[in-house]
Participant: 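Below you will find the structure I want to go over with you.
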Number of protein chains: 2
Amino acid sequence: MIQKLSEHDREKLQESLAHSGQKVTAQREIVFAVLLAKRDHPTVEDVFQRARESMPGLSLATVYNCLETFVGCGLVRQVNHERESTRYCPNLAPHAHFRDEATGHVHDIELPPEIIQSLRSILPPGFNSETIEISFHGRSQESAPRSTSN
Amino acid sequence: MIQKLSEHDREKLQESLAHSGQKVTAQREIVFAVLLAKRDHPTVEDVFQRARESMPGLSLATVYNCLETFVGCGLVRQVNHERESTRYCPNLAPHAHFRDEATGHVHDIELPPEIIQSLRSILPPGFNSETIEISFHGRSQESAPRSTSN
DNA sequence: GAATGAGTTGGAATGATTCCAACTTGCAAG
DNA sequence: CTTGCAAGTTGGAATCATTCCAACTCATTC
């Protein structure tokens with residue numbers, strides 16, 4: 001069961017939505033809360049399942065709508081990997097993604113500003129980029145058994 | 001109509017396929033030739049249309065099969081952008097992609113090795129990345145009218 | 001020249017996403 | 001109030017890229 005939004009998060013939601021002429025609804029609150037509660041880059045289906053625990057009547061279409069709305073007003077980012085289901089991420093700081101091919105998990109990798117700068121600098125003249133997406137693909141030790149010595 | 005493969009390209013095809021125990025077929029030759037002929041990151045459907053001009057009986061399933069085979073033996077790369085159709089790219093040098101949101105075109109951006117190095121260096125310990133994908137998203141001046149003064 | 005196996009084929013199946021028309025809700029104007 | 005509107009929600013149908021599958025082709029080997 002998902003916790004209600006903190007006052008702070010509700011305000012963020014309210015402001016971002018208002019900014020593009022939209023309203024806070026019960027469904028949007030829950031979907032947003034689900035995203036904040038477990039930042040494991042859930043798919044639409046994941047969000048749907050989790051949100052339904054708090055609101056059994058919620059429909060899948062609404063989850064799609066809410067997520068699209070959030071992306072539109074800059075509250076969350078989409079994360080695509082190959083042709084798999086789209087995942088969603090409420091981390092707004094500039095970051096890359098690391099996709100563990102063993103587990104399928106996605107991890108955020110912080111992106112230092114100088115890297116972003118140097119990436120921009122490799123664009124030939126005449127190319128203006130608004131967004132840069134970086135994704136690593138490999139294996140991490142997350143699922144490997146931890147050394148038992150500590 | 002697609003030109004036949006050069007001797008050099010046919011050899012590359014033959015070797016890469018042989019390397020993973022597969023054979024050169026007429027269909028694979030044509031599909032490969034299509035990729036080399038126009039490096040505009042075609043979709044499967046694009047490749048299908050172009051290849052059919054030379055081989056009208058070719059089936060879409062075969063184009064999917066050929067492209068998958070090529071990816072498997074390292075002859076071409078897949079390029080995904082959001083949830084659009086997968087595109088294919090025979091440029092094997094390390095490069096990023098720039099996606100022009102006005103035209104939908106994809107451009108290759110050369111990636112200097114030191115950038116790749118510095119990107120690898122931001123991964124926390126325990127993360128081993130085999131591949132890094134970088135895609136820019138914005139507008140280029142490709143379709144803007146050139147200055148008429150030169 | 002029959003058997004084998006890789007490759008090809010067309011059509012059916014899948015699965016994520018989008019579309020749509022009906023329904024609900026909150027609110028503002030009469 | 002209560003009527004009407006606009007925004008949001010809903011479930012189911014439609015879409016579309018991709019995958020699956022079983023039948024077929026073809027070159028090779030015994």
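All chains are named by letter (A, B, ...) in the order of the sequence lines, taking the proteins before the strands, and each is independently numbered beginning at 1.
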Participant: Is any side-chain nitrogen or oxygen of T25(B) closer than 4.0 Å to OP1 or OP2 of dT8(C)?
Facilitator: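 So the side-chain polar atoms of T25(B) do come within 4.0 Å of the phosphate oxygens OP1 or OP2 of dT8(C), strictly under.
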
Participant: Are any of T62(A)'s side-chain N or O atoms less than 4.0 Å away from OP1 or OP2 of dG8(D)?
Facilitator: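 Checking dG8(D) against T62(A), no side-chain N or O comes under 4.0 Å of OP1 or OP2.
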
Participant: Considering residues, nucleotides and ligands other than E130(A), do more than 12 of their heavy atoms fall under 6.0 Å from its CD?
Facilitator: yes

Participant: Toward the 5' end of DNA chain D, which comes first, R83(A) or N65(B), by nearest nucleotide?
Facilitator: R83(A)

Participant: Establish, with yes or no, whether the OP1 or OP2 oxygen of dA16(C) is under 4.0 angstrom from a side-chain nitrogen or oxygen of T86(A).
Facilitator: no

Participant: Rounded to the nearest Å, what distance is computed from the CD atom of residue Q22(A) to the P atom of nucleotide dT9(D)?
Facilitator: 10 Å

Participant: What is the distance from CZ of F70(A) to C1' of dG8(D), rounded to the nearest Å?
Facilitator: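 My rounded result for the distance is 12 Å.
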
Participant: Quick one: Q49(B) CD to dA17(D) P, roughly how many Å, whole number?
Facilitator: 12 Å

Participant: In residues 26-38 of chain B, what residues come within less than 4.0 Å of DNA chain C, judged by heavy atoms?
Facilitator: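 Q27(B), R28(B) - these, ordered by number, are the residues of the stretch whose heavy atoms sit under 4.0 Å from the strand.
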
Participant: Without swapping roles, check the side chain of S118(B) against the backbone of I115(B) for a donor-acceptor pair under 3.5 Å.
Facilitator: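 Looks like yes, one N/O pair under 3.5 Å.
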
Participant: For H105(A), is there any backbone N or O sitting under 3.5 Å from a side-chain donor or acceptor partner on R99(A)?
Facilitator: no

Participant: May I have the distance from L67(A) (atom CG) to dT18(C) (atom P), rounded to whole angstrom?
Facilitator: 11 Å

Participant: Taking CG from D46(B) and P from dC16(D), how many angstroms apart are they, rounded to a whole number?
Facilitator: 16 Å

Participant: Between L60(B) (CG) and dT19(D) (C1'), how many Å, whole number?
Facilitator: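 In whole Å, dT19(D) C1' lies 11 Å from L60(B) CG.
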
Participant: Quick check: are there more than 12 heavy atoms from other residues, nucleotides or ligands sitting under 6.0 Å from CD of E101(B)?
Facilitator: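 Above 12, so yes.
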
Participant: Pick the nucleotide of DNA chain D nearest each of S85(B) and R52(A); which residue has the one closer to the 5' end?
Facilitator: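 The answer here is R52(A).
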
Participant: Flag the pair F127(A) / H107(B) as yes when their ring centroid distance falls below 6.0 Å, and as no otherwise.
Facilitator: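 Yes, the ring centres sit under 6.0 Å apart.
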
Participant: Using the closest heavy atom to pick a nucleotide of DNA chain C for each, name whichever of V24(B) or A61(B) lands nearer the 5' end.
Facilitator: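 Taking each residue's closest nucleotide, the earlier one in sequence belongs to V24(B).
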
Participant: Within a radius of less than 6.0 Å around CD of E114(B), do more than 12 heavy atoms belonging to other residues, nucleotides or ligands occur?
Facilitator: yes

Participant: What orientation do H41(B) and H97(B) show, parallel under 30°, tilted 30 to 60°, or perpendicular over 60°?
Facilitator: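 Taking H97(B) first and then H41(B), their aromatic rings stand perpendicular (interplane angle over 60°).
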
Participant: With a non-hydrogen cut-off below 4.0 angstrom, is E45(B) in contact with a base, only sugar-phosphate, or nothing?
Facilitator: nothing

Participant: Measure from CD on E84(B) to P on dT17(C) and round the result to the nearest Å.
Facilitator: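 Taking atom P of dT17(C) as the reference, CD of E84(B) is at 14 Å.
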
Participant: May I have the distance from F48(B) (atom CZ) to dA17(D) (atom P), rounded to whole angstrom?
Facilitator: 13 Å

